[in-house]
Every structure is written in C-alpha cells, then in structure tokens.
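Predicted model, so just to flag it, every value in this text is computed and none were measured.
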Amino acid sequence: MRPLLLAAVLLCAGLPSAHAEADHGAIARAALDNVIRPGYDALTVSTGRLKDKAEALCAAPSAAALTDAKEAFAATVESWSKVEIFRFGPINKEHRYERMFYWPDPKGIGLRQVKAALAKNDETVTQADMLVGKSVALQGLPALEYLLYGDGAETLARGDPEVGFRCSFAASVATNVDRIARGVAEEWRDGAEYSKLFLSPGPDDPLYRAPKDVTLELYKAFTSGIELVRDQKLGKPLGTSAETARPRLAAFWRSGLTFPNMVGNLEASARSLPRAALPASLPRNRPASNSRSCSTSTVSSTCFVPPMSRSPRPCAIRHSATNWKPCVSR
C-alpha cells in the first residue's frame with residue numbers, strides 16, 4: 001500500500017492512539033532518525049543555499065541570479081514542507097515556527113507589514129540581527145516569497161539603489177530563515193535536551209511522562225498534517241464554489257508552490273508514524289471494515305484522499321479573480 005493512501009485510509013478509519021503491542025521507544029527512535037532529523041538536515045542544506053543565492057543576487061543583480069534565488073527558494077519550500085507538520089520540539093521555542101512560516105494570514109497582516117517596510121526603506125529589516133526582534137510576519141518564507149515574486153520583484157535583476165534595499169531585505173530574511181533551520185536541527189541532535197526528552201520520557205519530565213505520550217505526539221502530527229491540507233490549504237482557498245473561492249489564501253500562491261507544499265505535507269504525514277505504530281487489527285492491504293468510504297480526489301469535511309493512480313506530482317494552478325481550479329495530473 002502506498003504511504004499516502006495508507007495515511008488517508010487511516011484518517012478515515014480513525015486510528016486509535018496506540019495499541020498494546022506497540023514499541024513506543026522504537027516508534028520514537030524511528031521517527032527521529034528516519035524523518036525528523038533527516039528532514040531538518042535537508043532543510044538546512046536548502047536554507048544555506050537560499051542564503052547564498054540571495055546574497056549573490058544582491059552582489060551582482062541579473063536575471064540569471066534572480067532565477068537562481070527563486071530556485072533556491074523553491075527547494076527551501078520543498079524541504080520545509082516535509083517538516084512543517086511537526087509542530088513540537090525546538091521549532092516551538094522563541095516563536096520559531098511563526099517566524100519561519102507566518103501562515104495562514106487571512107487578513108493580510110504580513111503583506112501590509114512587508115509593503116510598509118519597503119515603502120519606508122526601513123533599514124532595520126536589512127540586518128538579520130535586528131530583523132529577529134521585529135514582527136514575525138517580516139521574518140520568514142511568506143515575506144521572502146513576496147520580495148522574490150510579488151509586485152516589483154522583477155526589478156531585483158537591476159542594480160539601482162532603490163532595488164538594492166529590497167534585495168538587502170530579502171537577503172536578511174534568507175539569513176534569518178537559515179538561522180532558524182540550523183538552530184532547530186542542532187537541538188534535535190543526539191544528546192540535546194529535547195532529543196533526550198523525546199527518546200527517554202519520564203514521570204517527572206515537563207513534556208512527556210511516558211513513552212506512549214511521544215507516540216501520541218506523532219499521531220497528532222500525522223492527523224493534523226492531513227487536516228491542515230484538507231481544511232486550510234485546500235478548503236479555505238477553494239471555498240464551496242467558484243464564487244466563494246479565495247485563491248490568494250493559498251500558501252505560496254505567488255511562487256506557484258502551493259501544490260508541492262501540500263504534497264510535502266502529506267508525504268511527511270504518511271511517514272510520521274512507522275508501521276509499528278499501526279493497530280495490529282488493521283489490514284495492511286485494505287481499509288478497516290468500519291472505515292468510511294473515501295473517493296479518490298475527494299475533499300470533504302470527513303476525509304481527504306489524494307489521487308493515487310501514480311505518485312503525486314506538483315501541478316499548476318489556474319486562477320483568476322472569479323475562478324480558481326486545481327489542475328490535476330493524470
């Protein structure tokens with residue numbers, strides 16, 4: 001059974017928190033070694049390249065340099081998408097999650113703040129050490145997306161002083177994103193405080209009193225990752241009809257990375273729980289007998305199953321002010 005189909009079936013079936021035969025310590029170790037740590041390591045590689053490409057763009061503006069920066073941004077979004085669902089651990093310290101990904105933002109607070117900083121030429125946003133003390137909406141991937149893809153972004157290929165401010169702002173955000181990713185990755189290393197709590201919980205620990213609590217944390221990531229895609233990333237932008245659709249609520253719509261972001265979320269959800277965590281009574285090759293029926297490509301209030309005819313691939317979005325449709329690869 002393919003991982004994403006398994007994830008969707010389990011969501012519809014209603015997976016128990018953990019069964020008696022589960023080895024909770026092995027579940028925690030597998031998740032940390034096979035998913036969380038590799039995910040954040042990959043993110044640091046992507047953010048490091050993004051930082052370098054943003055700085056190179058500012059040093060020598062050109063169309064090619066702007067393309068390189070955008071490609072590095074896309075790679076960073078892809079890497080982030082595969083750890084985004086793990087909203088526990090070091091990412092929760094110092095508002096790192098919100099600083100990395102201030103979303104959803106239905107009222108456009110972040111966009112207004114970024115535009116205001118550009119209009120005022122606020123030099124403090126061009127210095128990463130000062131940016132960290134400002135609004136979280138100015139510090140992460142959504143802000144950087146606007147700087148690279150939003151109104152006026154094409155001018156980044158030019159080297160005039162006015163454009164230089166925008167580029168310095170983008171480089172500052174890229175540096176901040178890289179620092180966040182590296183800080184989180186470091187705090188997941190062997191011997192780090194949170195790793196110890198995650199792998200060896202005890203009755204006096206502040207977060208996890210027993211090994212099964214870690215399994216429950218992973219299960220929450222599993223279910224919330226799918227619900228995030230179903231309810232927030234698909235449901236909100238699509239609305240209930242073409243008339244109620246609000247495509248600009250979608251994550252990363254400016255860069256065309258909406259669907260790659262969702263695919264990464266679902267892949268991470270599918271891998272967040274190793275098979276050892278599944279109930280022994282759940283068949284491995286078919287839905288449980290009491291599961292609700294889920295149709296392929298269905299989005300509803302009860303379950304979401306992505307197309308399974310082949311491995312999911314990024315798909316373009318066609319949208320206008322009045323109509324917005326996801327283009328599904330066949």
Side-chain angles (χ1 to χ4, degrees), residues 2-5 7-8 35-36 38-50 53-54 66-87 97 100-105 140-150 153 173-174 177-178 181 221-222 224-238 245-272 296-297 299 304-319 324-330:
R2 294 184 180 183
L4 292 183
L5 180 57
V35 183
I36 297 174
Y40 274 106
D41 286 344
L43 181 60
T44 61
V45 172
S46 297
T47 58
R49 185 171 183 272
L50 176 61
K53 293 301 181 181
L66 178 56
T67 297
D68 287 346
K70 288 182 175 181
E71 289 177 352
F73 178 84
T76 297
V77 170
E78 180 180 357
S79 297
W80 165 250
S81 301
K82 295 177 181 178
V83 294
E84 180 188 342
I85 70 165
F86 301 113
R87 298 193 64 167
Y97 188 97
M100 175 70 83
F101 188 47
Y102 184 73
W103 188 91
D105 183 16
L141 295 173
L144 185 54
E145 183 190 36
Y146 181 80
L147 294 170
L148 292 177
Y149 296 88
V173 176
V177 165
D178 183 51
F222 166 79
S224 64
I226 297 174
E227 290 169 354
L228 172 68
V229 171
R230 181 193 67 189
D231 298 337
Q232 296 291 330
K233 295 189 175 182
L234 280 172
K236 295 290 187 182
L238 287 174
R246 300 177 64 189
R248 294 188 178 187
L249 290 181
F252 301 115
W253 67 267
R254 287 185 176 85
S255 56
L257 298 172
T258 298
F259 276 84
N261 173 238
M262 290 191 289
V263 169
N265 293 163
L266 291 172
E267 288 177 346
S269 295
R271 298 183 62 212
S272 61
T296 301
S297 300
V299 179
F304 163 66
V305 183
M308 285 297 123
S309 59
R310 60 183 63 188
S311 298
R313 294 178 295 175
C315 184
I317 303 173
R318 301 190 299 269
H319 62 82
W324 183 65
K325 297 179 180 178
C327 164
V328 180
S329 298
R330 297 295 184 186

Got a second to check how far [X]'s [atom1] is from [Y]'s [atom2], nearest 0.5 Å?
X	Y	atom1	atom2	answer
L234	L249	CG	CG	12.5 Å
E78	E267	CD	CD	8.0 Å
L141	F73	CG	CZ	5.5 Å

Is the closest side-chain heavy-atom distance between [X] and [Y] below 4.5 Å?
X	Y	answer
T76	L43	yes
E145	S255	yes
F222	I85	no
F259	F252	no

Begin from the C-alpha positions of L266 and R230 and carry the test side chain to side chain contact (heavy atoms under 4.5 Å, CB included) through to its verdict. CA-CA 10 Å; L266 291 172; R230 181 193 67 189; over 6 Å; no
Heavy atoms of A153 and L148 approach each other most closely as CB-O, 3.1 Å
Grab the two heavy atoms, one from G225 and one from S269, that are nearest each other, plus how far apart they are. CA-OG, 3.4 Å
Per the salt bridge (Lys or Arg N to Asp or Glu O under 4.0 Å) rule, what does the pair list look like for residues 67-77, sequence neighbours excluded?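 Found none.
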Taking the six-membered ring where the residue is Trp, are the ring centres of Y40 and F86 under 6.0 Å apart?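 They do not qualify: ring centres at least 6.0 Å apart.
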Kindly say whether A181 contributes a backbone atom to a donor-acceptor pair with the side chain of T47 at under 3.5 angstrom? no
Ignoring hydrogens and angles, tell me if any N or O in the side chain of N265 forms a donor-acceptor pair with the backbone of S81 under 3.5 Å.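 Yes, N265 side chain to S81 backbone: donor-acceptor pair under 3.5 Å.
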All side chain to side chain contact (heavy atoms under 4.5 Å, CB included) counterparts of Q232, not counting sequence neighbours: W103, P104, L228, K236
CA sep, side-chain torsions, deciding dist, call: L50, D178, side chain to side chain contact (heavy atoms under 4.5 Å, CB included): CA-CA 8 Å; L50 176 61; D178 183 51; over 6 Å; no
Qualifying residues under ring-ring contact (aromatic ring centres under 6.0 Å, His included), relative to Y97, sequence neighbours excluded: W80
Verify side chain to side chain donor-acceptor pair (under 3.5 Å) between S79 and S46, making sure each step is shown before the conclusion. CA-CA 7 Å; S79 297; S46 297; 2.8 Å; yes
If you measure from the Lys or Arg side-chain nitrogens to the Asp or Glu carboxylate oxygens, is any gap between E84 and K233 under 4.0 Å?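 Salt bridge: yes.
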Pair M262, T258 - check side chain to side chain contact (heavy atoms under 4.5 Å, CB included), show working. CA-CA 6 Å; M262 290 191 289; T258 298; 4.0 Å; yes
